[in-house]
Novice: 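Quick one: this structure, given as structure tokens, is what I'll be asking you about.
In what follows, every chain begins at residue 1, and chains take the letters A, B, ... in the order their sequences are listed. In what follows, every heavy atom counts, from backbone to side chain, and hydrogens, waters and symmetry copies are set aside. Since the model is a prediction, treat every value here as computed from it, not as a measurement.
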Amino acid sequence: MSQTLAQKIIARAAGKNIVQAGEIATCKVDLAMIHDSGGPRRVKPILDHLGVKVWDSNKVVVVSDHFVPAFDQESAAILKGTREWVRSQAISRFYDQQGICHVVLPERGNLSPGLFVVGGDSHSPTGGAFGCFMFGMGATDMAGVLATGETWVKVPETILIRWSGKLQQGVCAKDMALFHCAQLGMDGGDYQVVEYTGETISDLDMEGRMTVCNMAAELGAQTGMIAADHVTHDYINTAGGELGPYAELSGDDDASYRIIHEFNADGLEPQVAAPHSPAKSTDVSNVEQAALDQCYIGACTGAKLEDLQAAAEILKGHEVASSTRLLIAPASTRVTAQAAADGTLAVLTKSGAIMMPSGCGACAGYGAGQLAEDEVCLSSTARNFQGRMGAKSSMVYLSSPATVAASAIKGYITDPREFLSSGDAQ
Amino acid sequence: MTGRVWKFGDDIDTDRLTPGTYMKGSLEILASHCLESVRDDFAKQVSSGDFVVVGKNFGMGSSREQAAEVLRHLGVKAVIAKSFAGIFYRNSFNLGLLALISRDVDQISEGDNLDVDIETGRILNLTTGTTLVCEPVPENLADLVHAGGLVPFLENKFAKEASV
């Protein structure tokens, strides 16, 4: 029987030849990733209570990215506890304040195509960009994985999104992801798999693919996936990872899909999501020019190297408007180093941007960068739920980093193509 | 089990259930802010044995299981929804909070009293006198319900394995 990419990975992890959509499969976990918020501070008491250690310390990755750097005694204690637990479990793959888990995991060579991976964070579908079946779970679920090395899934159906055409200058993967939210809605993924394919997807580099898969979470999908190809292989090789035995794994040509969506990139405009839902995404030209108190480029979704480069391309020779502020938190320390090396960072700082530490931070209302009552923000992050970035009455719009950059120059929501010399500026 | 209904709409997200600002603190503090951006008095007024009845996609967003844990902590016996976000649904059962799916939630109003029979999936609306149904709990999750959550379930499993 023909199988989707997800079914093949689940079947292998379950020790079966095939699995049927809807069946409950118990799977052996190839890799488990946890962070400082849902990780040690939550799983340690459970494992201690059960009297067990992690099932295989070589299959666990720990990243401190939520309460970083410590901003008070509570966050300092959480980070200290994370370090102590990592040592007690002899876990060697520990990235302490090196960036956001979904970005650090692949950039340090931890992902290979075809792996069955669980992550203690809802944006774990990011790892699906590498042809993994990687999904998010809560801490007790994760404690179960750490205690037994196994978890269960209800084998999902796959929703196929096939993109044709070329993205215009000034339009990027984040715009595609926001467009998906508008088209499918916040529960359109129905806890199934969304697999992305087609020439536009193939043309994306790995960071773009990560952004697309990352926001499968906002579709309510269990995960998003893109079958690995030479772009994936090149990234993994450069990152020092292993391609492993499933490097060429893909779904069967005649696999059955719940539904196939066909989208075309040629006419896609920069997208902006109005408060308080990513599903309220629309063309930037449809959005009123809301005055912005804060502009934010950050998070696993919107602060990777190409995101910073896209922002710098817009900001070069311009300054952030005095009526607003531009905060930038690169997704990882390695991204910061690369942006420093290629001149991106100099452009950003010269424009007046305020650089912040790498971490989840302002995206989720942790630590610095929170919004006051009634403040309005445009953010390159994934979610704009009410109150998420600060005060209950604050308003968050979402867009690509390029749109955030253009809007920071003007002080209100602005089409980034106005700042691209050879673009189709309107 | 019987209790009073707290009714909310569609797409209630995890940031509304458990605001990020309070995530580093104790469960008590976090619970005191549960749903405050939707209804200020919820955390203060909700009583042990009450039900939360909602529309579709309840618990969308973060994987933070505290979103389910605070409801259990506040005494909520079950959430009855048209549909749940996938991670929240798993978290609920792992933490011993019942998550029931019913197409009939439109026939339940704020303040109604319900009698819910988990085994049969029957919901009796004591206020209106109507009988509604919810989907049976999937078999693998019913095991967690009977154990009281994933941790006691694993405890039992390990004890059994040790005694073999």
Novice: Given that the side chain runs from C-beta out, which part of B:I87 has a heavy atom under 4.5 Å from chain A: side chain, backbone, both or neither?
Specialist: both
Novice: Take A:Y366 and B:K24 through the side-chain contact (heavy atoms from CB on, under 4.5 Å) test and state the conclusion after the steps.
Specialist: CA-CA 9 Å; A:Y366 292 75; B:K24 64 186 165 64; over 6 Å; no
Novice: Under a 4.5 Å cutoff for heavy-atom pairs, which residue among B:T14, B:D11, B:L154 has the most contacts with chain A?
Specialist: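 Among B:T14, B:D11, B:L154, the one with the most close pairs to chain A is B:L154.
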Novice: With a 4.5 angstrom heavy-atom cut-off, could you sort out which part of B:L141 is near chain A: side chain, backbone, both or neither?
Specialist: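 Contact with chain A involves the side chain of B:L141 alone.
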Novice: Taking every non-hydrogen pair under 4.5 Å, which of B:M23, B:K157, B:R64 racks up the most with chain A?
Specialist: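 Looking at each option in turn, the highest pair count goes to B:M23.
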Novice: Test side-chain contact (heavy atoms from CB on, under 4.5 Å) on B:V38 and A:K392; report intermediate values, then the result.
Specialist: CA-CA 10 Å; B:V38 190; A:K392 264 184 280 185; over 6 Å; no
Novice: I'd like to know which of B:G20, B:S37, B:P19, B:G61 tops the heavy-atom pair count under 4.5 Å against chain A.
Specialist: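 Answer, by heavy-atom pair count under 4.5 Å with chain A: B:G61.
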Novice: Rounded at 0.5 Å granularity, tell me how far CZ in A:R383 sits from OG in B:S62.
Specialist: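 One gets 6.0 Å once the value is rounded to the nearest 0.5 Å.
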Novice: So for B:N94, is it side chain, backbone, both, or neither that comes closer than 4.5 Å to the heavy atoms of chain A?
Specialist: both
Novice: Answer with side chain, backbone, both or neither: which region of B:E139 has an atom nearer than 4.5 Å to a non-hydrogen atom of chain A?
Specialist: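 When you check distances to chain A, no heavy atom of B:E139 falls under 4.5 Å.
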Novice: Output yes when a side-chain donor or acceptor of B:R90 lies under 3.5 Å from a complementary backbone atom of A:D141, and no otherwise.
Specialist: no
Novice: Under the 3.5 angstrom rule, does the side chain of B:N57 hit a backbone N or O of A:G220 as a donor-acceptor pair?
Specialist: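 No, the answer is negative, given that no donor and acceptor are paired below the 3.5 Å cut-off.
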Novice: Under the criterion side-chain contact (heavy atoms from CB on, under 4.5 Å), I'd like the reasoning laid out for A:R42 against B:Q66: C-alpha separation, chi angles, the key distance, then a yes or no.
Specialist: CA-CA 10 Å; A:R42 302 279 306 177; B:Q66 290 94 326; 3.5 Å; yes
Novice: Between the side chain of B:E155 and the main-chain N/O of A:L50, is any donor-acceptor distance below 3.5 Å?
Specialist: no
